[in-house]
Structure formats: structure tokens, C-alpha cells
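One structure below.
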Amino acid sequence: IRYRQLWVSDDGVTHLAERRFGGLETMDFTSTGGDAAMQYVRAFSSTDDFLLTGLVITQQVGENPWHHCPSPQFVVTLDGSWYIRTSDGEVTTFSKGDVLYQDNS
């Protein structure tokens with residue numbers, strides 16, 4: 001699964017890097033009936049990089065000034081599109097299905 005990570009270099013400049021999830025296991029849920037199907041699953045433990053502590057659903061309209069995220073977070077674009085302008089000048093547009101990971105690193 002492809003995602004982009006927003007990160008800050010030692011000189012304070014923000015950048016976006018393309019990354020991929022790994023360690024996914026194939027799990028067959030077809031025996032449960034209905035519309036169940038094959039899924040690709042990864043369980044995160046306390047020793048992993050990601051800790052889910054909450055879920056926020058928001059609708060972005062208009063400009064959103066540059067700000068630090070309060071904690072590491074994934075942003076999943078459910079519909080429409082939005083963009084990030086990093087301080088290195090790059091503009092990246094996120095569309096339906098795109099994922100951003102930001103952790104202020």
C-alpha cells in the first residue's frame with residue numbers, strides 16, 4: 001500500500017517522500033459468508049511505529065494554514081482532493097484513496 005510521509009529535514013525544511021506498507025498477511029474471510037473476501041492485514045503492536053489513539057473525520061474547505069500535527073497521524077482521502085505545499089516548494093495533490101502519514105519527524 002502506497003502512502004506519502006511528510007517529514008522535516010535538519011535544516012527545518014518540510015518534504016514529502018513516497019513510502020510503502022510492508023508486512024501484510026493475506027487472510028481469507030470468504031468462509032464467513034456474505035460479501036466477505038480476501039483481505040490484507042497487518043496488526044500493529046506496542047513495538048511498532050504506529051499507535052492509534054483516536055480517529056478524526058473532517059471536511060477540508062478553503063485554505064488550512066501550515067501547522068504541526070498534534071501527534072503522528074494518517075490522513076486518508078475519502079473523496080475529492082486537497083493539496084500540501086511543503087516549505088521546499090513542492091505541491092502535492094491528494095485524491096480519493098491517497099494516504100498521508102505525518103509525524104513531525
Side-chain angles (χ1 to χ4, degrees):
I1 299 172
R2 180 182 59 88
Y3 68 97
R4 291 185 184 100
Q5 180 177 7
L6 180 63
W7 61 282
V8 181
S9 56
D10 291 339
D11 59 358
V13 177
T14 55
H15 311 272
L16 281 169
E18 189 165 307
R19 308 273 191 233
R20 291 194 172 272
F21 279 116
L24 299 174
E25 296 179 36
T26 304
M27 301 191 75
D28 184 356
F29 292 98
T30 56
S31 64
T32 61
D35 293 331
M38 298 293 288
Q39 294 184 10
Y40 298 91
V41 178
R42 177 171 174 194
F44 294 104
S45 69
S46 60
T47 60
D48 285 319
D49 292 334
F50 308 112
L51 175 63
L52 181 62
T53 58
L55 176 66
V56 176
I57 299 172
T58 185
Q59 180 178 2
Q60 182 61 44
V61 291
E63 291 290 321
N64 189 8
W66 183 254
H67 60 279
H68 289 281
C69 59
S71 62
Q73 59 187 340
F74 282 98
V75 179
V76 180
T77 308
L78 301 177
D79 200 14
S81 64
W82 62 287
Y83 69 91
I84 290 179
R85 179 179 294 116
T86 54
S87 58
D88 66 1
E90 180 181 354
V91 175
T92 301
T93 300
F94 293 82
S95 299
K96 184 176 181 177
D98 288 339
V99 179
L100 169 72
Y101 174 66
Q102 55 187 21
D103 62 352
N104 284 339
S105 63

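For the single chain, residues carry numbers from 1 onward in sequence order.
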With side-chain contact (heavy atoms from CB on, under 4.5 Å) as the test, would you mind laying out the steps for L100 and I84 before giving the verdict? CA-CA 10 Å; L100 169 72; I84 290 179; 3.4 Å; yes
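- Taken from CD in Q102 to CZ in F74, the straight-line distance is 10.5 Å, to the nearest 0.5 Å.
- Residues satisfying the side-chain contact (heavy atoms from CB on, under 4.5 Å) test with D11, not counting sequence neighbours, are S9, V13.
- There is a side-chain donor-acceptor pair under 3.5 Å between T14 and S87.
- A cation-pi geometry, defined here as NZ or CZ lying under 6.0 Å from the six-membered ring centre and within 45° of its normal, holds between R4 and F94.
- Once rounded to the nearest 0.5 Å, the distance linking CD of E90 with CG of L16 reads 5.5 Å.
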For side-chain contact (heavy atoms from CB on, under 4.5 Å), just list the numbers for H15 and T86, CA-CA rounded to whole Å, side-chain angles, deciding distance to a tenth of an Å, and then say yes or no. CA-CA 6 Å; H15 311 272; T86 54; 5.7 Å; no
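- Atom OG1 of residue T77 and atom NZ of residue K96 lie 11.0 Å apart, to the nearest 0.5 angstrom.
- Shown here are the side-chain hydrogen bond (donor to acceptor under 3.5 Å, both in side chains) partners of S95, two or more places apart in sequence or in another chain: there are none.
- Residues satisfying the side-chain hydrogen bond (donor to acceptor under 3.5 Å, both in side chains) criterion with R2, sequence neighbours excluded, are D98.
- Using modelled atom types and a 3.5 Å distance limit, the side chains of T93 and W82 yield no donor-acceptor pair.
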